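Computed from a prediction, not measured in an experiment: that's the story for all the values here.
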Amino acid sequence: MTASLERMALMKKKTFHKLVEENMKNILKDKDQLEEIYRRIDENILMEAEKTRVNQ
């Protein structure tokens, strides 16, 4: 009985760690996507500033 409970506890622990690992991967993926979005926004701002400067 005790061994069975220990196995269940170990499985729960492994499952928990797997979920944490998956969440961390998703967070890093989201971070990369946000960085790409911000980079594109910065590029657009710079292009608009350049267009405004050239048109003046």
Side-chain angles (χ1 to χ4, degrees):
M1 180 87 172
T2 305
S4 178
L5 290 175
E6 288 175 359
R7 260 185 304 203
M8 284 179 55
L10 183 59
M11 285 175 51
K12 284 184 179 180
K13 186 176 180 179
K14 285 182 180 178
T15 301
F16 175 76
H17 285 291
K18 183 129 183 104
L19 288 172
V20 169
E21 185 179 317
E22 288 176 19
N23 284 338
M24 288 301 297
K25 286 179 185 176
N26 288 334
I27 288 169
L28 291 174
K29 193 184 319 176
D30 290 347
K31 177 185 166 281
D32 290 343
Q33 290 173 344
L34 280 174
E35 286 176 347
E36 178 64 18
I37 290 168
Y38 289 136
R39 186 186 64 75
R40 290 181 183 181
I41 290 170
D42 288 345
E43 287 177 357
N44 288 338
I45 291 170
L46 290 173
M47 286 193 313
E48 287 299 318
E50 182 65 21
K51 284 181 191 175
T52 302
R53 188 182 65 77
V54 169
N55 289 335
Q56 287 180 354

Lys/Arg N to Asp/Glu carboxylate O, Arg53 vs Glu50, below 4.0 Å: yes
message: Salt bridge or not between Glu36 and Arg40? Use side-chain N to carboxylate O under 4.0 Å.
response: yes
message: Rounded at 0.5 Å granularity, tell me how far CD in Glu6 sits from CG in Leu10.
response: 9.5 Å
field: From CG (Leu28) to CG (Asn23), nearest 0.5 Å
entry: 11.0 Å
task: For Glu22 and Lys25, run salt bridge (Lys or Arg N to Asp or Glu O under 4.0 Å): C-alpha distance rounded to whole Å, both residues' side-chain angles, the deciding distance at 0.1 Å, then the answer.
output: CA-CA 5 Å; Glu22 288 176 19; Lys25 286 179 185 176; over 6 Å; no
- prompt: Quick one: are Lys13 and His17 in side-chain contact, heavy atoms under 4.5 Å?
  reply: yes
statement: Interatomic distance, CE@Met24 vs NZ@Lys31, rounded to 0.5 Å, equals 10.5 Å
Distance, nearest 0.5 Å, that separates CD of Glu35 from CG of Asp42: 11.5 Å
- prompt: Roughly how far apart are Asn44 CG and Arg39 CZ, rounded to 0.5 Å?
  reply: 10.0 Å
